[in-house]
Asks: 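I'd like to ask some things about the structure below.
Below, chains carry the letters A, B, ... as their sequence lines are ordered, and counting in each starts from 1.
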2 protein chains.
Amino acid sequence: MAPAFSPLYQQIKSLILRSLQAGEWKPGDTIPSELELAARFKVSQGTVRKAIDELANDNLVVRRQGKGTFVATHAEQHIQYRFLRLLPDSGSLKTQGPAERRIIECRRLRAPADVARQLGLRSGDSVLQVRRVLSFSSTPAILEDIWLPGATFKGLTLETLAHDKGPMYALFEAQFGVRMVRAVETLKAVSADAEMAALLAIQPGHPLLSVERLAYTYNDVPMELRRGLYLTESRHYHNELS
Amino acid sequence: MAPAFSPLYQQIKSLILRSLQAGEWKPGDTIPSELELAARFKVSQGTVRKAIDELANDNLVVRRQGKGTFVATHAEQHIQYRFLRLLPDSGSLKTQGPAERRIIECRRLRAPADVARQLGLRSGDSVLQVRRVLSFSSTPAILEDIWLPGATFKGLTLETLAHDKGPMYALFEAQFGVRMVRAVETLKAVSADAEMAALLAIQPGHPLLSVERLAYTYNDVPMELRRGLYLTESRHYHNELS
DNA sequence: CAGTGGTCTAGACCACACT
DNA sequence: GTGTGGTCTAGACCACTGC
């Protein structure tokens, strides 16, 4: 048993993935052309092609005809936040102006048991916690707590976060070489308690959409836990099924 | 301008899609082998292959090595409900016993304006409305209203629905030849009103996850509007991002 | 065994972007 | 024009299923 048969293109995919992981090509860079990679790995172009097809499918890489294949990045993608599924209700597709971000808190602490478990840390390991409020048109829309492994995000401070424009995940790429590759979200409906209500400028008891996100880097290593509370009076969480 | 260049495999994909749509092969059937299709369309196997690859990606068709390629179906898929994203919290992957279904109401009426708009009907066209409660282990978990175009689902009655076991979408396939192919969901957090509370055995004001689903058949034709209210005390809506 | 989908190759040619 | 990804072909062979 255990035939362990692995197609050649899967092996090539793994090799390319390893290079991505090792940072041989940075986010936004082009990777070598299909013919170059074919030569490097001593396989045909078609085999490399199939490997890259899968990487593109996984959103690790972006193909652009005539130009090349690029390492995917959370920066410079004209969509502001790749993982944010909250959209304005109004049928209008007008780009709701960029979110205004207010950081409430940013501190290091020993990981609570549940956070440690989800991030694959030992209980008590150092974590960085960020609490912030996102607003659109000066109206609060999201309150979220973010937990990051302290060891990986060593130099990260409130100042860095506060001065930064652009997606947080883009900053993670640039400053810490951490690329968020996929995420799993768990949604529930909850009632606002007094603290949440104050920060979101609503009444206690107001219904909120609770969105817990665990985001992963390469190799299914969890790297961020995010607990968000979304106001859904004039916005909604959008999802496509197939 | 308007180069309108369309790869051959896309054209083949369209042709196969047309046959699926026309019911040349029924859900669960195998479609002709790649070589047969290649002969029929006078192209190489590789071209048919790429067409089928995309159809499989869209979940319209399922490949099974050594056996053939099958028309996807909502029946006989060992997952009970392909579009239901509500899972039990408990880490255990144990299959929560099948949902118990209680139909509260099933009637025909003239489509309200908003329902008509979403289903692409004229306001006042006949629609079938079904209201039901889904329970797990005798505990209510979901209250949902379902709207269907009256013309398409002509013979559908409460009796048919009540006596049927298995996914509703499977019944639609078998009885009306309607295959739900994809869906879009809109989520919000809301407070239970008196009516919802009574049906779900909770207190008014209890937070509920509102899930509005518009399900489509082939050609992006909307065929079902579903407004669900999910209890998320011990269950959650699960979503994967990439 | 025959029949199916899955892999791999080698080469020709097309569409697109830049220079 | 040159180089990139994208399409298409033809044929050989592999892996899985069921007779």
Side-chain angles (χ1 to χ4, degrees), chain A residues 1-17 19-20 24-26 28-73 76 78, chain B residues 1-17 19-20 24-26 28-73 76 78:
Chain A
M1 53 173 306
F5 162 74
S6 178
L8 190 47
Y9 73 86
Q10 286 287 2
Q11 302 174 38
I12 303 301
K13 181 184 174 185
S14 294
L15 290 173
I16 298 177
L17 225 145
S19 290
L20 284 170
E24 181 174 339
W25 315 297
K26 301 293 182 201
D29 284 2
T30 103
I31 69 174
S33 78
E34 296 178 352
L35 283 172
E36 284 179 272
L37 289 172
R40 155 153 23 157
F41 298 126
K42 309 274 188 47
V43 298
S44 76
Q45 187 200 9
T47 301
V48 170
R49 177 153 259 278
K50 183 142 190 184
I52 296 181
D53 277 346
E54 293 212 344
L55 292 170
N57 241 326
D58 297 344
N59 286 308
L60 294 176
V61 114
V62 175
R63 321 189 76 140
R64 268 183 273 199
Q65 179 168 160
K67 301 177 78 172
T69 300
F70 301 76
V71 182
T73 170
E76 76 156 332
H78 39 21
Chain B
M1 55 170 303
F5 162 74
S6 178
L8 190 46
Y9 74 86
Q10 286 286 2
Q11 304 174 36
I12 303 300
K13 181 184 175 186
S14 294
L15 290 174
I16 299 177
L17 225 144
S19 291
L20 284 169
E24 181 174 339
W25 315 297
K26 301 292 180 200
D29 284 1
T30 103
I31 70 173
S33 78
E34 296 177 352
L35 283 172
E36 283 180 273
L37 289 171
R40 155 153 22 156
F41 298 127
K42 311 273 189 45
V43 298
S44 77
Q45 187 201 9
T47 302
V48 170
R49 178 153 258 279
K50 183 141 191 187
I52 295 181
D53 277 346
E54 293 212 344
L55 291 170
N57 242 324
D58 298 344
N59 286 307
L60 294 176
V61 115
V62 176
R63 320 189 77 139
R64 268 182 273 199
Q65 178 168 162
K67 301 176 78 171
T69 301
F70 300 77
V71 182
T73 170
E76 78 158 329
H78 39 20

Asks: Under 4.0 Å between a side-chain N or O of Lys50(B) and OP1 or OP2 of dT7(D)?
Replies: yes
Asks: Expressed in angstrom and rounded to an integer, what is the separation of Leu55(B) atom CG from dG5(C) atom P?
Replies: 13 Å
Asks: Specify the separation, in whole Å, of atom CD of Gln45(B) and atom C1' of dT7(D).
Replies: 16 Å
Asks: Would you mind telling me which of dG6(D), dC8(C), dC8(D) lies closest to the side-chain atoms of Arg49(A)?
Replies: dG6(D)
Asks: Take the protein atom CZ of Phe5(B) and the nucleotide atom C1' of dC13(C), then report the distance between them rounded to whole Å.
Replies: 11 Å
Asks: So which nucleotide from dC8(D), dC8(C), dG5(D) ends up closest to the side chain of Thr69(A)?
Replies: dG5(D)
Asks: Heavy-atom distance under 4.5 Å between the side chains of Ile52(A) and Arg63(A), does that happen here?
Replies: yes
Asks: About how many Å separate CD of Glu24(B) and CD1 of Ile16(B), when rounded to the nearest 0.5 Å?
Replies: 10.0 Å
Asks: Is Thr69(B) close to Leu55(B) at the side-chain level, that is, under 4.5 Å between some pair of heavy atoms?
Replies: no
Asks: Do Lys50(A) and Asp53(B) sit within salt-bridge range, that is, some charged N less than 4.0 Å from a carboxylate O?
Replies: no
Asks: Taking the side chain of Val43(B) as heavy atoms from C-beta outward, which of dA10(C), dT9(D), dC8(D) is closest to it?
Replies: dT9(D)
Asks: Send over the distance from Glu34(A) CD to dC8(C) C1', rounded to a whole Å.
Replies: 15 Å
Asks: If you check the Ser33(A) side chain, which of dA15(D), dT4(D), dT7(D) turns out closest?
Replies: dT4(D)
Asks: Expressed in angstrom and rounded to an integer, what is the separation of Ile31(B) atom CD1 from dG3(C) atom C1'?
Replies: 15 Å
Asks: From CD1 of Ile12(A) over to C1' of dT7(C), roughly how many Å is that when rounded to an integer?
Replies: 13 Å
Asks: Of all the choices, dT9(D), dG6(D), dT9(C), which nucleotide is nearest to the side chain of Thr47(A) once you look at every atom?
Replies: dT9(C)
Asks: Which whole-number value in Å describes the distance from Leu8(A) CG to dA12(D) C1'?
Replies: 15 Å
Asks: So which nucleotide from dT7(D), dG6(D), dT7(C) ends up closest to the side chain of Arg63(A)?
Replies: dG6(D)
Asks: Contact class for Gln65(B) (heavy atom, under 4.0 Å): base, sugar-phosphate, or nothing?
Replies: base
Asks: Measuring from atom CG of Leu37(A) to atom OG1 of Thr47(A), what distance do you get when rounded to the nearest 0.5 angstrom?
Replies: 12.0 Å
Asks: Taking the nucleotide of DNA chain C with the nearest heavy atom to each, does Tyr9(A) or Gly66(A) sit closer to the 5' end?
Replies: Tyr9(A)
Asks: Quick one: is Lys67(B) getting a side-chain N or O under 4.0 Å of the dC16(D) phosphate, OP1 or OP2?
Replies: no
Asks: Rounded to the nearest Å, what distance is computed from the CG atom of residue Leu35(A) to the P atom of nucleotide dG3(D)?
Replies: 11 Å
Asks: Using both distances under 3.5 Å as the test, list the Watson-Crick or G-U wobble partner of dT19(C), or none.
Replies: none
